[in-house]
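Notes for the one structure printed next.
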2 protein chains.
Amino acid sequence: MSQQSSTPTYELLYWPTIPGRGEYIRLILEATQTPYTDIGNASSTGGKEVMAALSSDKTHDEHGNPPAFAPPMLRIKNAGPNGAPLLIYQTPSILSYLGGKLGVAGDGSDAEKHWVLSHALTALDLSNEAHDTHHPVAVMQYYEDQKEEALKKSKDFRESRITKFFGFFERVLKGNEEKGKGKYLVGDKLSYADTTLWQVVDGLKFAFPKELAARETDFPLLMGTFYPALKDMDSIKAYLGSDRRLQYSNGLFRHYPELDRQ
Amino acid sequence: MSQQSSTPTYELLYWPTIPGRGEYIRLILEATQTPYTDIGNASSTGGKEVMAALSSDKTHDEHGNPPAFAPPMLRIKNAGPNGAPLLIYQTPSILSYLGGKLGVAGDGSDAEKHWVLSHALTALDLSNEAHDTHHPVAVMQYYEDQKEEALKKSKDFRESRITKFFGFFERVLKGNEEKGKGKYLVGDKLSYADTTLWQVVDGLKFAFPKELAARETDFPLLMGTFYPALKDMDSIKAYLGSDRRLQYSNGLFRHYPELDRQ
């Protein structure tokens, strides 16, 4: 989608070449076939543009937007005060913005809107814990310098945390099965909670392939219905097969065989 | 506020006796003088009621609400489908719900609404990192069993993370100084981003008193204007002096002298 329209409304600002937390934003845009520009990957100067938008030493940008703590950021044409570009940051805040605009935050009721946000936040908590398995002590230092702690953290993550979160989402899918058919967490249609949870499961399959394979049948709705159904949606399938879908590497989800089930 | 109305619209469901993440919800309710019941602390059976609402082995509650992953939860009278009680969970989702209903999510524009949410999420990220200083490896195990890792994590947290987050919020306050006078992060009035950031700073003052004292003058707006101004608001001041304000202990913010600046 991203390169077809010359001036899309939405610009994603995220580090180039890695899926990272930017992927949660890309996925809901792609699932809804919404045109956007992935600034970091759109040109060779994209990374610099992301750095500039982050304005990490400024008190605001030239349009009056406050500074952003970290990418991802979303810039939306004409949506700010006086028609200026609006810049927002924080994955859940961007998702909640897009959810409302793109009709992927439930049925419009307060209830579904906040259930979608709550479930997305819970999936993102699991994503953060997955990150901390390889950086348990110091986010700015190398994995190799905190490997002993990473081994302990990963053991706990695999044995306690994945099962707790997956068990929770299995129950949510079960509770919504009549409407959602195991494919949707809330109501009878796709929401950004679904794309977000899907990406976390997919990232964990990359990072902990043995652990996830061993747990596959413990969560029949999540792993047997939800995960493949979303992957098979026309828009998502086309996206996953395109070069806009970036490969996992040394980002949020990392595959260190020693941290996986042995 | 909480005990004056016999049937308030809002019920907070959180573990009894500790401030924890429930405090982010209490503070915005108290700041806006909104009647609520703090179920966990309202009676001797409150803790059981919180456990029951969490329904950690169910697929939904009797009103059709999905399960909650963890407290805090907010139950809102008549706000669910068909007038049933609505149950939502996740601190940022509850704050965003209350923000809209209580008029403490900016000026009603998309811009301020999402800046408030983004800043609140960033303050809560710092809150989570503060928790992880005493539980860097395994959330369900004792501090004493991960003390070596906690010492490393706390050093990084004090030296890199507090300064990064505080420096960020100092810039946000500076960028909004014309409207916010250093007292508000967004616009010219109180939002739930303010009460949330305030609680994180207050919790850090309890957990790392030496570190915070040493950094006091590095962040003049945050520590010199914002923090005391909010503490001195009539509604907050009354709350902080009441027995509804629970004491810090062994919860989210913990004071272990060995983890503080030496």
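Labels below follow one simple rule: chain letters A, B, ... track the order of the sequence lines, proteins then strands, and each chain is numbered from 1. All values reported here derive from a predicted model rather than from experimental measurement.
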Name the member of B/Val137, B/Asn128, B/Asn65 that forms the most heavy-atom pairs with chain A at distances under 4.5 Å. B/Val137

Using non-hydrogen atoms and a 4.5 Å limit, figure out which bit of B/Ala120 sits close to chain A: side chain, backbone, both or neither. neither

dist A/Asp110:CG -> B/Tyr97:OH (nearest 0.5 Å) comes out at 5.0 Å

Heavy-atom pairs under 4.5 Å with chain A are the metric here; pick the option from B/Lys164, B/His60, B/Met140, B/Lys174 that has the most. B/Lys164

Is the closest basic N to carboxylate O distance between A/Arg171 and B/Asp57 below 4.0 Å? no

Close side-chain approach of B/Lys152 to A/Pro136, heavy-atom, < 4.5 Å: no

Non-hydrogen atoms of chain B under 4.5 Å away: do they reach the side chain of A/Ala150, the backbone, both or neither? neither

Answer with side chain, backbone, both or neither: which region of B/Val139 has an atom nearer than 4.5 Å to a non-hydrogen atom of chain A? both

Could you check whether any side-chain heavy atom of A/Val172 comes within less than 4.5 Å of a side-chain heavy atom of B/Pro67, counting everything from C-beta outward? yes

Using non-hydrogen atoms only, which part of A/Ser109 is less than 4.5 Å away from chain B: side chain, backbone, both, or neither? neither

Looking at B/His114 and A/Ser93, would you say the former's side chain and the latter's main chain have a donor-acceptor pair under 3.5 Å? yes

Should the pair A/Tyr89 and B/Phe168 be assigned to parallel (<30°), tilted (30 to 60°) or perpendicular (>60°) ring geometry? perpendicular

Between A/Phe165 and B/Phe69, does the ring centre distance come in under 6.0 Å? yes

Between B/Leu87, B/Thr59, B/Thr133, who has the most heavy-atom pairs with chain A when the cutoff is under 4.5 Å? B/Thr59

